[in-house]
Structures are given as structure tokens and as C-alpha cells.
**Q** 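Provided herewith is a single structure, encoded as C-alpha cells, for subsequent inquiry.
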Amino acid sequence: MIEKEIEIKVLNHSVNEYIEMLEKIGASKVGEEYQKNYLINSNLDYNKSYIRLRVLDDRAEFTLKERMDENNFKINKETTTTVDDPESLLYILKALGFDYKLECKHRIKYAFKDYIFDIDQWAEDVYPMPYMEIEARDASKLDDIIDLLNIRSDITTKTIHQLKEEYKNSK
């Protein structure tokens, strides 16, 4: 499946603050998941594109994420396929010369109108600060939700890889 993803990240709040701001506007919690993300080392620039295998309790997805645009919002093309046997896929990738790194996170998902909100908390050794991703079908709609939540000063289009690098360099 190929999808276009339009999103921003919101920084500088705690998990509880994100939940409070979403519940205040009437967003509904739609789920919670623990993710194992295997980042596949390749010749791709992580700030523009990357390959990942995401393993959840009930499914696994193999994704190529390609950055398309970054004017005001992050726009990605995601090509994803489901994987029945993630361990075999990792074995095949390793046999083909690809290494990978496992990074885990906890995600709380909310929905409101045409928006999806993901509150992410990575393992402490990966990235210690929580953030919220907001996805919309249309970039113009992101401005509306940014204003409704009053978060304009807290948004970024940086990738998690850029945020991790900044955090590492600030230590």
C-alpha cells in the first residue's frame, strides 16, 4: 500500500499534557501499542528516507518512508506491506548484507475529525522526551488544528532521526 502522509510533530509537553489537550477538544482515544521498530541500515539518508520493520502485538509492517516535501509540514510517501513472519524477513535482510537496529516505543493513539494524533514515548536510551505527531489528509487542515490546540510555537517538521541527533549533540 502506498500512502501520502502529511504530519507535524509537537514538542515540549509531557504525555499527560498531550492527553489533556486532546481530550479538551473532544478527541477520542483509539488505542495504545508497544512497537518494536527495526531500522534497516541502507545507503539511504535517514533524514530523507528510511526502511523499517515495525512489529506490533497483532501485525508486522515493512515500510519504505520517503520524504517528499517540507515547506511548512512534513510530507512523506510511505510504501508499506504486511509481513507474516518478521523473524524470517530479518534473517533474509541480514543474509543480504543489511544490518538493523532495534528501537522500541510506546504509542497512544487519538482521533478527532479527520486528524490522527500519536503520542510517542521512545525507550529512554533512544529519545527520552515524548512528542505528539499530528497527521491530516490535507496540509491546510493542519493549520486549523495547530491553532485550535494553540501549539504553533511547539511544532517541528524534523524527523525522529534529526531529533535524536540534536539530543545526542546537546549532552
Side-chain angles (χ1 to χ4, degrees), residues 1-13 18 22 27 30-56 58-83 86 89-90 93 98-123 126-127 129-149 151-168:
M1 168 176 34
I2 300 174
E3 293 182 340
K4 185 166 94 172
E5 173 187 73
I6 303 168
E7 70 178 19
I8 56 160
K9 284 184 178 58
V10 183
L11 307 174
N12 306 321
H13 297 274
Y18 291 125
L22 293 176
V30 294
E32 224 170 308
E33 58 194 25
Y34 178 76
Q35 299 178 355
K36 293 180 182 176
N37 290 283
Y38 296 87
L39 300 177
I40 313 303
N41 292 329
S42 69
N43 61 352
L44 298 173
D45 175 354
Y46 272 125
N47 293 317
K48 298 186 188 303
S49 301
Y50 64 92
I51 303 167
R52 112 184 135 219
L53 172 63
R54 176 173 285 164
V55 179
L56 306 162
D58 62 341
R59 69 187 186 285
E61 303 168 335
F62 191 59
T63 301
L64 169 62
K65 198 166 191 171
E66 300 170 280
R67 192 83 173 246
M68 294 172 56
D69 194 3
E70 189 186 320
N71 290 334
N72 295 321
F73 307 111
K74 188 168 77 169
I75 301 175
N76 293 314
K77 177 177 147 186
E78 283 193 359
T79 306
T80 300
T81 189
T82 56
V83 175
L89 177 59
L90 289 170
L93 290 168
F98 292 94
D99 288 325
Y100 54 83
K101 176 172 49 170
L102 172 61
E103 297 181 340
C104 299
K105 72 177 171 183
H106 178 247
R107 172 171 278 178
I108 303 170
K109 298 181 79 61
Y110 276 79
F112 176 72
K113 297 184 179 179
D114 288 333
Y115 304 101
I116 300 295
F117 305 89
D118 295 328
I119 302 168
D120 288 344
Q121 179 68 64
W122 289 88
V126 175
Y127 185 72
M129 283 88 62
Y131 59 84
M132 178 170 65
E133 291 182 338
I134 303 174
E135 287 185 36
R137 293 185 185 149
D138 183 331
S140 66
K141 297 288 186 185
L142 279 174
D143 272 323
D144 296 340
I145 197 69
I146 289 167
D147 291 338
L148 180 63
L149 294 171
I151 54 170
R152 191 156 304 273
S153 63
D154 298 323
I155 64 170
T156 184
T157 59
K158 293 177 183 172
T159 66
I160 183 58
H161 307 292
Q162 291 168 317
L163 292 173
K164 288 188 300 188
E165 193 65 28
E166 282 180 6
Y167 176 73
K168 184 176 85 174

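Counting begins at 1 with the first residue of the sequence.
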**Q** Taking the side chain as every heavy atom from C-beta outward, state whether L93 and F62 have any atom pair closer than 4.5 Å.
**A** yes
**Q** Taking side chain as C-beta onward, heavy atoms only, is Y38 less than 4.5 Å from L90?
**A**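 They are in side-chain contact.
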**Q** Taking the side chain as C-beta and beyond, is there a heavy-atom pair between T80 and E3 under 4.5 Å?
**A**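 Sidechains of E3 and T80: no contact.
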**Q** Would you indicate whether the side-chain heavy atoms of R152 and D143 approach each other to under 4.5 Å?
**A** yes
**Q** Before giving the answer on side chain to side chain contact (heavy atoms under 4.5 Å, CB included), spell out for I145 and K113 the whole-Å C-alpha distance, their side-chain angles and the decisive distance to 0.1 Å.
**A** CA-CA 10 Å; I145 197 69; K113 297 184 179 179; over 6 Å; no
**Q** Side chains of K4 and K77, heavy atoms from C-beta outward: is any pair under 4.5 Å?
**A** no
**Q** Could you check if a side-chain atom of E103 sits within less than 4.5 angstrom of a side-chain atom of I160, using non-hydrogen atoms only?
**A**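 E103 does not reach I160 side chain to side chain.
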**Q** Calculate, to the nearest 0.5 Å, the distance between atoms CD and CD1 belonging to E66 and I51 respectively.
**A** 9.0 Å
**Q** Do the non-hydrogen side-chain atoms of I155 and L142 ever get within less than 4.5 Å of each other?
**A**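 No, their side chains stay 4.5 Å or more apart.
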**Q** Listed by chain and number, what are the side-chain contact (heavy atoms from CB on, under 4.5 Å) partners of Q35, not counting sequence neighbours?
**A**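 So Q35 forms a side-chain contact (heavy atoms from CB on, under 4.5 Å) with E33, N37, R54, L56, K105, R107.
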**Q** Could you tell me whether the side chain of N76 and the main chain of E78 form a donor-acceptor pair under 3.5 Å?
**A**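 No; zero donor-acceptor contacts below 3.5 Å.
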**Q** Under the side chain to side chain contact (heavy atoms under 4.5 Å, CB included) criterion, do M129 and L11 qualify, and how do the steps go?
**A** CA-CA 8 Å; M129 283 88 62; L11 307 174; over 6 Å; no
**Q** In this structure, are over 12 heavy atoms from other groups packed under 6.0 Å from K65 atom NZ?
**A** yes
**Q** Is it true that, when you exclude K141 itself, more than 12 heavy atoms of the residues, nucleotides or ligands shown sit nearer than 6.0 Å to its NZ?
**A**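 It does not: K141 NZ has 12 such atoms or fewer within range.
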**Q** Any heavy-atom pair between the side chains of Y115 and D144 that's under 4.5 Å?
**A**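 Heavy-atom side-chain distance check passes, below 4.5 Å.
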**Q** Taking atom CZ of F117 and atom CZ of F112, what is their separation to the nearest 0.5 Å?
**A** 7.0 Å
**Q** Just verifying a value: how many Å separate I108 CD1 and Y18 OH, rounded to the nearest 0.5 Å?
**A** 11.5 Å
